[in-house]
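Since we're looking at a predicted model, the values are computed, not measured. Below, chain A is the first sequence line, B the second, and so on; all start at residue 1.
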Amino acid sequence: MHDKDARLWSQRMQVVKERLREPLHWYPFPLLISFAVVLLLTAHVVFGTNPRMGNPANVMTFPSQPRHDSDIWMSVSPSGHDIVVTTSDRRVFRWRQDVANVAGLAPFVSYLKSRAADEVRAAALLKHAFRSQTSAVIAVDQSLKFLHVRPILYALAAAGISQYAFETQNPTVATSDAPTNHPH
Amino acid sequence: MTFPSKISRTKKRLSDDRWAVIAVAVAFFGLLAVLTSGLRAVTLSGAYGVVPAEMPVVPAAIDDPGFYTYKEEPQNSLGPTTPAVVLTTDAFYFGDLQAFTSDFAKVRDKYVIRHIDGTPQLTTLVQTMDLWVTDRARHENIPINKALVFIPAGDIPMPIVVEVIAGLRKSPHFQRIIVGSGLL
């Protein structure tokens with residue numbers, strides 16, 4: 001029994017030696033693992049930094065007042081015969097462009113209610129509220145018409161959100177009011 | 001299975017480089033996705049602004065029996081004399097809110113500014129409404145409460161809706177734009 005174990009052990013050692021003697025050109029799993037880690041880190045860092053990443057809504061370029069406070073941000077874009085709403089926390093809601101009843105909007109209304117409640121709760125715990133904390137900012141794709149946005153306004157009203165705004169991209173122009181070091 | 005055959009199988013397995021092709025392809029497309037996301041994040045403009053709008057709310061003040069006895073008062077109220085603007089594909093129509101509700105059949109209390117070659121005459125609308133609001137405040141003693149009801153037709157593109165809201169807000173007489181419509 002002892003000789004048999006020793007023989008098996010020596011065989012296994014020999015197998016391992018032979019295997020390690022062969023050059024290991026490629027082994028796919030380390031690369032796949034590192035690729036997945038990079039992808040996850042990218043998703044968390046980049047997507048968390050700017051909610052516009054990955055949103056297909058192409059907003060219009062128009063000079064408007066910049067926003068400073070936090071708010072409930074969402075983008076609205078067409079997808080075939082559907083309207084797709086993507087929120088800043090990556091929730092996606094979809095309904096048909098010719099939606100004619102409130103049942104299709106129920107999940108979206110429920111989400112808006114919970115977001116508004118969260119904002120109010122956060123303000124109460126912080127003892128500090130931003131002016132536009134419970135308002136909604138809608139980044140509407142340029143190709144949409146007002147009838148496509150009406151269900152969203154209905155959902156905002158149903159969720160008790162009366163303040164909202166449409167997002168635009170401010171045109172970037174060179175200004176000459178930057179501080180200079182010229183002697184006076 | 002003999003030991004040499006095991007070595008032979010191991011060599012054969014390790015010499016099979018079909019994984020390498022797949023892994024190189026996966027790595028290439030993964031790198032492409034990460035670089036594309038990075039480039040998008042770098043080139044994404046941060047210069048965004050908002051064009052605010054509101055929806056009408058019914059005051060439902062809650063009694064505050066606490067120490068401060070805070071009582072909420074509405075800042076503005078919509079009434080029969082609140083200015084209203086209707087935007088269709090043909091023209092702007094403006095007048096009192098009463099003219100578009102209870103007195104909808106009357107034809108002498110509404111004003112029209114037609115589009116020229118399909119282009120809405122926003123500057124003309126704002127200038128005309130400024131004159132109209134100040135004139136009726138002076139002669140008919142109708143107060144200016146800086147609120148306006150804007151009702152776009154459903155087939156108006158959203159960029160035009162946003163531009164009209166922003167244009168109306170440039171007037172010192174219209175600081176709160178309430179967008180109204182049939183919701184569904």
Self-check item: Chi angles and distances behind the side-chain contact (heavy atoms from CB on, under 4.5 Å) call for A:Thr168, B:Val50
Solution: CA-CA 6 Å; A:Thr168 67; B:Val50 291; over 6 Å; no
Exercise. Identify the two heavy atoms, one from A:Phe166 and one from B:Ala53, that lie closest to each other, and give their separation to 0.1 Å.
Key: CE1-CB, 4.5 Å
Quiz item: In the single-linkage hydrophobic clustering (I, L, V, M, F, W, Y; side-chain heavy atoms under 4.5 Å), do B:Val112 and B:Phe100 co-cluster?
Solution: yes
Quiz item: How far apart are the closest heavy atoms of A:Ile161 and B:Met55, and which atoms are they?
Solution: O-SD, 3.5 Å
Self-check item: Linked, directly or transitively: B:Leu168 and A:Phe62 (ILVMFWY side chains, under 4.5 Å)
Solution: yes
Practice problem: Spell out, yes or no, whether A:Val109 and A:Tyr164 are grouped together once hydrophobic residues are joined by side-chain heavy atoms under 4.5 Å, including indirect joins. | Solution: yes
Exercise. Measure B:Ile165 against the heavy atoms of chain A and call it side chain, backbone, both or neither at under 4.5 Å.
Key: side chain
Quiz item: For B:Leu87 and A:Phe146, what are the C-alpha separation, side-chain angles and deciding distance, and is it a side-chain contact (heavy atoms from CB on, under 4.5 Å)?
Solution: CA-CA 11 Å; B:Leu87 171 60; A:Phe146 184 64; over 6 Å; no
Quiz item: If you take all heavy atoms of A:Leu153 and B:Val179, which pair is closest and at what distance?
Solution: CD1-CG1, 4.3 Å
Quiz item: Where on B:Val161 is there a heavy atom nearer than 4.5 Å to chain A: the side chain, the backbone, both, or neither?
Solution: side chain
Quiz prompt | B:Lys110 atom NZ: more than 12 heavy-atom contacts under 6.0 Å | solution = yes
Exercise. Indicate, with yes or no, if B:Met129 and B:Ile144 share a hydrophobic cluster defined by side-chain heavy-atom contacts under 4.5 Å among Ile, Leu, Val, Met, Phe, Trp and Tyr.
Key: yes
Quiz item: Hey, what do you get for OH (B:Tyr48) to CD (A:Gln169), rounding to the nearest 0.5 Å?
Solution: 4.0 Å
Quiz item: Among A:Met60, A:Glu18, A:Gln163, A:Gln65, which has the most heavy-atom pairs under 4.5 Å with chain B?
Solution: A:Gln65
Quiz prompt | Proximity breakdown for A:Val59 and chain B, heavy-atom pairs closer than 4.5 Å | solution = side chain
Exercise. Any chance you could measure A:Ser64, atom OG, to B:Glu163, atom CD, to the nearest 0.5 Å?
Key: 11.5 Å
Practice problem: Kindly check if the number of other-residue, nucleotide or ligand heavy atoms within 6.0 Å of CG (B:Asn141) is above 12? | Solution: no
Quiz item: Can you get from A:Val76 to A:Val99 by hopping between Ile, Leu, Val, Met, Phe, Trp and Tyr side chains that sit under 4.5 Å apart?
Solution: yes
Practice problem: Show your reasoning for whether side-chain contact (heavy atoms from CB on, under 4.5 Å) applies to A:Gln142 and B:Met158. | Solution: CA-CA 6 Å; A:Gln142 293 187 50; B:Met158 276 310 293; over 6 Å; no
